[in-house]
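Here's the structure, in structure tokens; my notes come after.
Remember, it's 1-based here, ligands and their atoms both numbered in the order they're listed.
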Amino acid sequence: MEKSRVILLPCEDYEEEKVYNLMKEGLDLLGGISRLIGKEEKILLKPNLLKKAEIEKAVITHPVVVGAFARILREEGYENIVLADSCGNGTTKKVIKGTGMDAYLEKYGIEAIDFSEGVHVEYPEGKQAKEFVMPKELLEADCVISLSKMKTHALERITGAVKNSYGFVYGRNKAIGHTKYPSADSFARMLIDLNQYVKPRLYVMDGIVAMEGNGPGAGDPVPMKVMLMSTDPVALDSVFARLVHLKPQLVPTNYHGEKMGLGNSDEANIQVLLPDGCEMSVEDAVMEYGNPYFNVDRTEIRHNIWTRMAKALNIFQKKPYIDGEKCIRCGICVRSCPVPEKAVDFRNGKENPPVYDYKKCIRCFCCQEMCPEKAIKVK
Ligand code: SF4
Ligand code: SF4
């Protein structure tokens with residue numbers, strides 16, 4: 001079996017020239033950008049733009065990383081480039097406004113677009129998802145580049161290369177997707193189908209400052225001091241998992257990603273390369289660049305009669321809860337809840353924090369992702 005190449009670029013901070021030079025070296029190690037993208041192709045850059053947030057909070061892909069990639073494309077003579085995401089809250093233009101990403105895009109003549117229309121596409125080959133509603137502008141692109149952020153995730157433990165592709169689903173259909181694929185496993189399998197349908201040409205991950213804890217929207221920034229690059233999103237996410245001392249197979253997108261043929265999770269099939277082209281074992285990479293204290297869910301899954309019963313009875317499951325002291329009663333969690341009859345609502349009046357009906361809750365954690373005040377946690 002051919003090994004998947006993951007480029008590990010150690011990077012202390014977001015110094016512009018440093019990030020740009022490292023990224024160039026990384027692309028060379030993958031065979032050069034011209035091998036990956038044709039000159040005439042229409043390119044769509046897809047950063048993680050979950051919601052509007054200060055850059056220091058590590059919610060979205062850092063503008064310097066996006067800027068460096070944009071600069072390389074421009075210098076290599078690529079012309080037809082746009083940037084977009086199906087944001088969790090807000091639109092591409094609103095989320096990037098004032099972050100510095102907008103300034104880079106202007107500097108390099110790249111348009112940030114708001115997806116305008118959803119198009120229904122059939123995918124009979126899909127093992128979990130046989131159809132998607134995708135933005136028209138995504139379907140018009142020839143080549144998609146994923147620029148993800150290294151973060152934790154309440155449902156999938158981590159969000160990285162594979163999960164970043166959920167922004168290829170148009171608008172409200174993302175919320176509907178959570179009700180169609182409510183478990184971590186079914187959701188992960190849908191994500192694998194989605195990646196196999198869209199086939200991003202390259203996956204880049206910004207882990208210079210990552211997010212740990214209550215991610216992907218309300219965790220804590222933590223320096224991981226790396227960027228990762230690969231054409232294999234499962235290998236990339238597996239290296240990410242290893243760096244944070246999480247068994248890759250505990251991440252549903254890795255487990256199913258390997259089984260469904262999206263990429264390699266087994267480190268015997270992953271080649272880690274440093275900027276000088278030297279190969280490093282995954283184990284050595286973990287020793288040198290890993291963080292054993294990274295706050296991520298490392299709970300082992302037990303499959304037995306008791307865990308199956310607990311799941312069926314909806315007991316001992318992870319659940320979101322609201323810290324009433326932090327809640328500002330904005331209602332974003334209620335609007336984000338994809339369950340039609342709302343599993344979180346202002347049942348006690350709008351002068352009080354919303355309350356959960358755990359019988360209705362499908363544990364998608366959209367409410368926790370979107371809360372602007374970090375008032376929702378998972379226990
Ligand atoms: S989103 Fe957060 S702050 Fe807003 S109402 Fe819900 S819990 Fe409160
Ligand atoms: S209450 Fe939160 S976790 Fe439960 S279904 Fe609604 S958005 Fe998902």
Close approach of Pro353 to ligand 1, heavy atoms, under 4.0 angstrom: no
Pair Glu341 + Lys360: basic N to acidic O under 4.0 Å: no
Ion pair check, Lys127 and Asp193, cut-off under 4.0 Å: no
What residue and atom, counting heavy atoms only, is the protein's closest point to [atom], and at what distance?
atom	value
atom 2 (Fe) of ligand 1	Cys371 SG, 2.4 Å
atom 1 (S) of ligand 2	Tyr356 CE2, 3.3 Å
atom 4 (Fe) of ligand 1	Cys330 SG, 2.3 Å

Set of side chain to side chain donor-acceptor pair (under 3.5 Å) partners for Glu54, sequence neighbours left out: Lys57
Distance below 2.8 Å from atom 8 (Fe) of ligand 2: protein N/O/S atoms: Cys364 SG
With Gln368 via side-chain contact (heavy atoms from CB on, under 4.5 Å) - residues at least two apart: Ala154, Asn214, Pro216, Phe365, Ile376, Val378
Contact check: Cys327 to atom 2 (Fe) of ligand 1, N/O/S below 2.8 Å: no
N/O/S from Cys333 sitting under 2.8 Å away from atom 6 (Fe) of ligand 1: yes
Pairs where residues 15-63 contributes a residue and the test ring-ring contact (aromatic ring centres under 6.0 Å, His included) is met, not counting sequence neighbours: Tyr14-His62
